[in-house]
Amino acid sequence: MPKHYLSAADLSRTEIEAILKRATQLKAHWHATRTTQPLLSGQTLALVFEKPSLRTRVAFEAGMNQLGGHASYLSANDIDMGGRESVPDVARNLSRWVQAIAARVFAHGTIEQLARHAAVPVINALSDREHPCQALADMLTIAERREQIAGTRLAFIGDGNNVCHSLMLVCALLACHMTVACPPDHQPHPDIVAHACSLAERHAASITVTSIPQEAVEGADAVYTDVWASMGQEHEAARRRVVFQPYQVNPALLSLAQPDALVMHCLPAHRGEEITADCLEGPQSVVFDQAENRLHVQKALILTLLDR
Ligand code: CP
Ligand code: NVA
């Protein structure tokens with residue numbers, strides 16, 4: 001059975017720490033030399049994307065190049081997974097040509113089905129339930145800015161969505177204290193909350209869910225937000241703009257956090273909606289470090305899943 005990475009909780013704390021360490025080394029090597037390391041020469045990663053992407057796609061493509069391998073991008077127009085060809089058949093075909101598959105899907109069930117039928121590792125490049133590669137990059141970014149990840153107080157403000165879910169699981173595994181503030185009808189999924197809380201108990205972490213943003217941000221070391229309408233929810237954008245207005249990350253809200261609190265966002269951002277331009281562009285913002293770190297953690301992740 002290949003090892004998949006569909007959920008942030010598919011890796012143990014030890015495995016995540018090893019990936020972050022490796023990512024740090026890969027990043028240092030890349031910055032020092034700008035040369036490839038032929039750790040994956042001849043290897044191909046398939047990118048099966050049902051939705052658009054800038055960061056995830058380019059980070060995987062550039063990452064495979066930097067490791068001497070290759071990535072093959074397949075959009076919904078190319079393969080129409082589940083339409084032109086069933087998900088199990090896509091998985092079984094790809095497994096004969098490539099050494100790993102990264103998939104961005106609408107329904108999380110699609111990536112689970114892909115993984116069930118693939119003979120190679122499958123990586124969740126975003127589903128409606130989780131965005132675990134993003135959470136790894138976020139933790140690397142926190143590690144670069146703070147003495148240690150453990151004990152970090154992270155506030156997530158906005159939609160209890162895929163990004164929030166993976167962050168909750170990783171925070172629980174890495175001994176962080178995460179408080180999530182979402183409108184009552186947009187709280188994180190109860191199953192993920194329960195899973196994160198049970199992991200938190202075992203790892204000296206804590207996970208708190210509230211609907212009051214000020215409560216979450218009070219004293220936080222990092223303040224994180226994401227778009228109010230995710231990909232596939234565009235038709236709800238107008239309604240969501242009203243519901244989420246009190247959850248905007250702006251100077252007044254940020255002033256409740258630690259004075260040097262990190263401002264985090266997975267991007268793309270909608271300035272003036274979930275975050276004001278001055279917060280996103282301000283001195284506390286690490287959003288482009290998060291984006292760069294996608295590259296290095298995804299290289300480390302692929303090497304780990306392929307036992308390299
Ligand atoms: N943060 C992120 O996953 O960006 P993309 O949607 O551009 O890949
Ligand atoms: N929650 C967002 C994340 C984008 C990277 C979405 O799913 O569209």
Side-chain angles (χ1 to χ4, degrees), residues 5-8 23 45-64 71 73-76 101-111 123-142 156-170 180-183 185-189 192 222 224-237 239-241 243-244 247-249 262-271 273-275 280 285-299 301-302:
Y5 186 54
L6 308 187
S7 163
L45 169 72
L47 298 175
V48 177
F49 277 39
E50 291 182 337
K51 303 179 188 179
S53 168
L54 175 66
R55 280 147 291 274
T56 310
R57 175 182 176 174
V58 179
F60 273 125
E61 289 179 340
M64 285 303 287
Y73 179 79
L74 303 158
S75 73
I101 301 168
R104 169 166 287 197
V105 298
F106 282 96
H108 189 75
T110 304
I111 199 160
I123 298 169
N124 183 351
L126 183 146
S127 68
D128 60 356
R129 191 172 173 96
E130 281 207 48
H131 197 4
C133 296
Q134 181 67 51
L136 290 178
D138 300 337
M139 289 297 134
L140 180 59
T141 309
I142 290 174
F156 182 96
I157 311 297
D159 192 12
N161 62 11
N162 45 11
V163 170
C164 174
H165 286 161
S166 292
L167 265 177
M168 287 169 68
L169 295 168
V170 166
V180 176
C182 312
D185 291 340
H186 299 275
Q187 304 258 322
H189 194 288
I192 304 256
Y224 200 120
T225 190
D226 182 19
V227 289
W228 289 340
S230 284
M231 290 180 273
Q233 298 172 335
E234 290 79 5
H235 60 286
E236 297 178 25
R239 184 186 65 77
R240 282 171 172 261
R241 269 195 290 275
V243 174
F244 282 91
Y247 296 81
Q248 183 186 65
V249 174
L262 305 177
V263 171
M264 303 184 74
H265 195 306
C266 56
L267 304 179
H270 293 167
R271 290 167 176 76
E273 292 188 20
E274 76 276 3
I275 187 164
L280 192 80
S285 171
V286 292
V287 299
F288 297 108
D289 291 335
Q290 291 173 260
E292 175 180 350
N293 286 337
R294 298 292 304 279
L295 171 66
H296 308 297
V297 293
Q298 286 170 202
K299 285 186 288 189
L301 174 66
I302 294 167

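Heads up: numbering here begins at 1 and tracks the sequence. Atoms within each ligand, like the ligands themselves, are counted from 1 in listed order. Quick note: numbers below take in every heavy atom, side chains included, and nothing from hydrogens, waters or symmetry partners.
The backbone N or O of E273 sits less than 3.5 Å from a side-chain atom of Q248, completing a donor-acceptor pair. Side chain of Q134 to main chain of H131: no donor-acceptor pair is present (N/O by atom type, distance under 3.5 Å, no hydrogens or angles).
In this structure, T56 has no heavy atom closer than 4.0 Å to ligand 2.
Taking atom 8 (O) of ligand 2 as the reference point, the nearest protein heavy-atom neighbour is M231 N, 2.8 Å. Protein heavy atom closest to atom 4 (O) of ligand 1, with residue, atom name and distance, is R55 NE, 2.7 Å. In terms of protein heavy atoms, atom 4 (C) of ligand 2 is closest to L126 CD1, 3.9 Å. In terms of protein heavy-atom proximity, atom 2 (C) of ligand 1 is nearest to R294 NH1, 3.3 Å. For atom 3 (O) of ligand 1, the closest heavy atom belonging to the protein is H131 NE2, 2.8 Å. Scanning the protein heavy atoms around atom 3 (C) of ligand 2, the nearest turns out to be D226 OD2, 3.6 Å. Distance from atom 7 (O) of ligand 1 to its nearest protein heavy atom, with residue and atom name: L54 N, 2.6 Å.
Taking 4.5 Å as the limit, every side-chain heavy atom of T56 sits out of range of all side-chain heavy atoms of C133.
Here CG of D289 is found 12.0 Å from CD1 of I142. Values are rounded to the nearest 0.5 Å.
Annotation: M231 places no N or O atom under 3.5 Å from an N or O atom of ligand 1; distance criterion only. At least one N or O atom of L267 sits closer than 3.5 Å to an N or O atom of ligand 1. Not a single N or O atom of H131, backbone or side chain, sits closer than 3.5 Å to an N or O atom of ligand 2. Ligand 1 has a nitrogen or oxygen under 3.5 angstrom from a nitrogen or oxygen of C266. On a distance-only criterion, R57 and ligand 1 share no N/O pair closer than 3.5 Å.
Close contacts of ligand 2 with L267, meaning ligand atoms under 4.0 Å from a residue heavy atom, involve 5 (C). Less than 4.0 angstrom separates some heavy atom of R104 from each of these atoms of ligand 1: 3 (O), 5 (P), 6 (O), 8 (O). Set against the non-hydrogen atoms of S230, the atoms of ligand 2 under 4.0 Å away are 1 (N), 2 (C), 6 (C), 7 (O), 8 (O).
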Next item on the list: Evaluate the side-chain contact (heavy atoms from CB on, under 4.5 Å) criterion for residues V249 and Y224: first the C-alpha distance (whole Å), next the side-chain angles of each, then the deciding distance (0.1 Å), finally the verdict.
Entry: CA-CA 8 Å; V249 174; Y224 200 120; over 6 Å; no
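Side chains of T141 and N293: a donor-acceptor N/O pair is present below 3.5 angstrom, by distance only. In summary, the side chains of E130 and N124 do not present any donor paired with an acceptor at a separation below 3.5 Å, with no hydrogens or angles considered. No side-chain N or O of D128 forms a donor-acceptor pair with one of N162 less than 3.5 Å apart.
Checked for salt-bridge contact, E50 and R104 miss the test: no charged N lies under 4.0 Å from a carboxylate O.
Under the 6.0 Å cut-off for aromatic ring centres, H186 and Y247 do not qualify, their centroids lying 6.0 Å or more apart.
Figure legend: R57 and F49 shown without cation-pi pairing, the cationic atom not lying both under 6.0 angstrom from the six-membered ring centre and within 45 degrees of its axis.
By the criterion of a heavy-atom distance under 4.0 Å, the side chain of N162, and not its backbone, is placed next to ligand 2.
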